[in-house]
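First the structure, in the form of C-alpha cells, and then the observations on it.
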2 protein chains.
Amino acid sequence: MSMTNNYELYKVFYWAAKTGSLTQAAKALYLTQPSVSHAIKQLEDSFGLILFYRNSKGVELTQEGSILYSYIEQSQILISTAEEKMAALKNLDNGELRIGGSDSLFKHYVLPYLEEFHEKHPGIKLHLNHGTTPEVITFLKEGRIDLGVVRMPIVDSQLEVRESFKLQDCFVAGARFAEIKNKVLSLESLLQYPVILFSRNSRARMAITEIFQNYGYTIKPEIEVGSVDLLIEFARRGLGISYVTREFVSKELEEGSLFEIRLDVPLPPSHVGIMTMRNMPLTSAASRFIELVR
Amino acid sequence: MSMTNNYELYKVFYWAAKTGSLTQAAKALYLTQPSVSHAIKQLEDSFGLILFYRNSKGVELTQEGSILYSYIEQSQILISTAEEKMAALKNLDNGELRIGGSDSLFKHYVLPYLEEFHEKHPGIKLHLNHGTTPEVITFLKEGRIDLGVVRMPIVDSQLEVRESFKLQDCFVAGARFAEIKNKVLSLESLLQYPVILFSRNSRARMAITEIFQNYGYTIKPEIEVGSVDLLIEFARRGLGISYVTREFVSKELEEGSLFEIRLDVPLPPSHVGIMTMRNMPLTSAASRFIELVR
DNA sequence: GTTGGTCATAGACATGGTCTATAGCTCCTG
DNA sequence: CAGGAGCTATAGACCATGTCTATGACCAAC
C-alpha cells in the first residue's frame, strides 16, 4: 500500500477525531455525513488499520487512531496558523517592507509617506537600508530590499522604475557671498566662485557636470563631499557655493542662513524614481506603499 | 476570501518550495508540470498573495511564500512521520499489546505464545495486567487491555470469546495421603478427606462445586486459598487434597512431590478463552496474537 | 413500539484535478 | 545570432473521484 493519500483526508480525520462524531465533522467541514464516513474509510483502507471505534453515540479513536491523531493534530494546527498568517499578510496586518535609498531622500521625501503607511498598517515592520544608487540596485537584485528610492534616470533592463517626485537642484551660498544674493549670474561667472559638489559617483554630480558641458563649460569643484549635510554645512560656513537639491535646504533658505543663487539659464529638474525588480511580484506591503506614494 | 483550501495544494506547494522547481515537484508527485503550475496558482489566488518568483531556472519563494513554507514544511514532516508510523503499526514493527488474565494462566499458557510473539515482533511492547475474571472483563470494557485470557464460560453479550486451550483440573495430594495413591476413588469417598479449594468467586471453584452437585454431593473445603501457588504448597505439606489444574502442577507430579488422585468418574475439562470486545476492531497486534494462538 | 440519534452503503452526478499540446520566456552554446 | 534546452503559463478536453441523495442498520431512550 503506497502512501499516496490525499491530504484532504487528514482534514476530515482531524475533525472527526476532534469532535468525536462523523456527523459533527461533516457540519464543521460543510460536507454530508456519508462523505465523511467515506473519507474515513478511505484512510483506514489506505493504512490497513482501523482508526475509530464506531458506536451509537459517535466515534472514538482506537489505539492506532490516537497515534495518528497526535501527529495530525499538530499538523492541522500549523496549517490553520499558516492560513491565518497569510490572511494577515494580505490585509497588511503583518509583514515587512524593506526600502533602500539615500538618507537625504528618506529624510525629505520618503519619511512623510512612511509615517502615513506606518499609521495605516502598524503591523508592518519597516526596514530602511541606505546606500548609493548602485548599492541600492545591488540590494534589490540580491533581494535584500523590496523597493529602492533613487534619483533618475536609471537604465537597467532588470528594473522597473516609476517616476515619482520632481527635485529641483540649485546653487546656494551663505553670508560670505552676500554680494551675489540679488544678482542673476551666468554659468560662466559662477565658475569664478569656489564650488562645493557631491562626490564624483553621485547622480546629482553627474547631472550638473553634464549641464555645464552642454553649455561648453567644465565645472570643477573646490571641495567634494560625501553627504548632503556637509554640502549644506560647508555652504553656511562660507567655504563655497554648494550645488544641492533645493528641497533639502528649504529650512536654511527660509531662515536666511543660505540663499539661492539665481542663474540666467534654467537648471533642468531631476526626478526621483521608485524602482523594483521587473517581472518580480511585489509583496502586498510594497505594492500598497507604491500605490500610496502615487 | 474564505480559507477553504484543498490541503492537497499544500503538498504541491511543499514540494515546489523544497525542490525550487515546479517541474521537479511534478516528478516527485507523479504529476505533470502544468498541474503543479495550476495548483500553485490556485493557492496564490486563494491567498491573494504571490508565493513564488518564477525565473528561467525554476521558482523561488517570495517573502510571503517563505513564511508559508515555514509552517507547511513542519506540517508536511509531521504528516509523513505519521504515515511512516502507521505503516510501522501495520507491519507490527511498533505498537503495544495489552493482555489481561490470571497470573497462573499467563505462566502456564500464555507465556510461550508471548515469547513467540515477542520474538517475531520485538517492536511491540507487551503489557500484562493480572486480575480475576470479573476484573479482567472490567479492564476490557474500560479499554485498558486489548484482550483477556480467562477461564470459560463467559456469558456477556458485549464480549466475544474464542475458546482456545483445554485445561484438565484434578485432585492432587502429597506424601501424607500416600495410602490413596494407587486407588481409584469415588466422589463420595473423596469427601472424607480434607479438601483445599480456590476461593469462592473463582471459575475453577464454581466448576467443581457444580460437578459434585450434579452427582448429588456437596463439596465443602477445609481450606480456601486465593492463589494457585498456595493450593500447590498446602497440598505438598499435607494439609489436604487440592483441586488444581493439572497443567499447573506438572512439575510437582513429575518430581513426585504430588500425585494425582484417580477417580471413578471423569472430571470434565474446562476451557480457556481469549475474549475481546464484540464489535470493536482489534489492534493489528491483538489480532496477530490471537491468530498466533490459534 | 416508536422516535431520534448514530454510522454505513449504494448509486448517480458533476465538479474540478489532471492531462496533452502549445506558447512564451531566458539562458547557454556553437 | 540562430537554435536548442531548460523553465513556467495557458487553453481546452476528459474522466476520475469526491460529493450528494436516499436508504439501511443499529442502538439508546422514552
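Just so we're on the same page: letters track the sequence lines, and every chain starts at 1.
- Ring geometry, B/Tyr69 versus B/Tyr14: the interplanar angle falls under 30°, so the pair is classed parallel (tilted spans 30 to 60°).
- The pair B/Glu44-B/Lys41 does not meet the salt-bridge criterion, since no charged nitrogen lies less than 4.0 angstrom from a carboxylate oxygen.
- Atoms CZ (A/Phe13) and C1' (D/dG18) sit 20 Å apart, rounded to a whole Å.
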Produce the list of close N/O pairs, under 3.5 Å, pairing protein atoms with atoms of nucleotides 4-8 of chain C; give distances to one decimal.
residue : atom : partner : partner atom : Å
C/dT6   : O4'  : A/Ser56 : O            : 3.3
C/dC7   : OP1  : A/Leu22 : N            : 2.6
C/dC7   : OP2  : A/Thr23 : N            : 3.2
C/dC7   : OP2  : A/Thr23 : OG1          : 2.3
C/dA8   : OP1  : A/Arg54 : NE           : 2.4
C/dA8   : OP1  : A/Arg54 : NH2          : 3.2
C/dA8   : OP2  : A/Ser37 : OG           : 2.5
C/dA8   : N7   : A/Gln33 : NE2          : 3.0
C/dA8   : N6   : A/Gln33 : OE1          : 3.2

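- Smallest separation of non-hydrogen atoms from A/Ser199 and A/Arg205: O-CB, 3.5 Å.
- The closest side-chain heavy-atom distance from A/Met86 to B/Leu49 is below 4.5 Å.
- One atom, CG of B/Leu9, and another, C1' of C/dT18, lie 13 Å apart when rounded to the nearest Å.
- A heavy-atom distance below 4.5 Å is found between the side chains of B/Thr283 and A/Glu64.
- Atom OH of A/Tyr30 and atom C1' of C/dT15 are 20 Å apart (whole Å).
- Spacing between atom NZ of B/Lys11 and atom P of C/dG17 amounts to 13 Å, rounded to whole angstrom units.
- Residue A/Ser35 places at least one side-chain N or O under 4.0 Å from the OP1 or OP2 atom of D/dC20.
- The distance from atom OH of A/Tyr7 to atom P of D/dT17 is 17 Å, rounded to the nearest whole Å.
- Atom CD of B/Gln42 is separated from atom C1' of C/dT15 by 12 Å (rounded to the nearest Å).
- A donor-acceptor contact shorter than 3.5 Å links the side chain of B/Asp146 to the backbone of B/Arg98.
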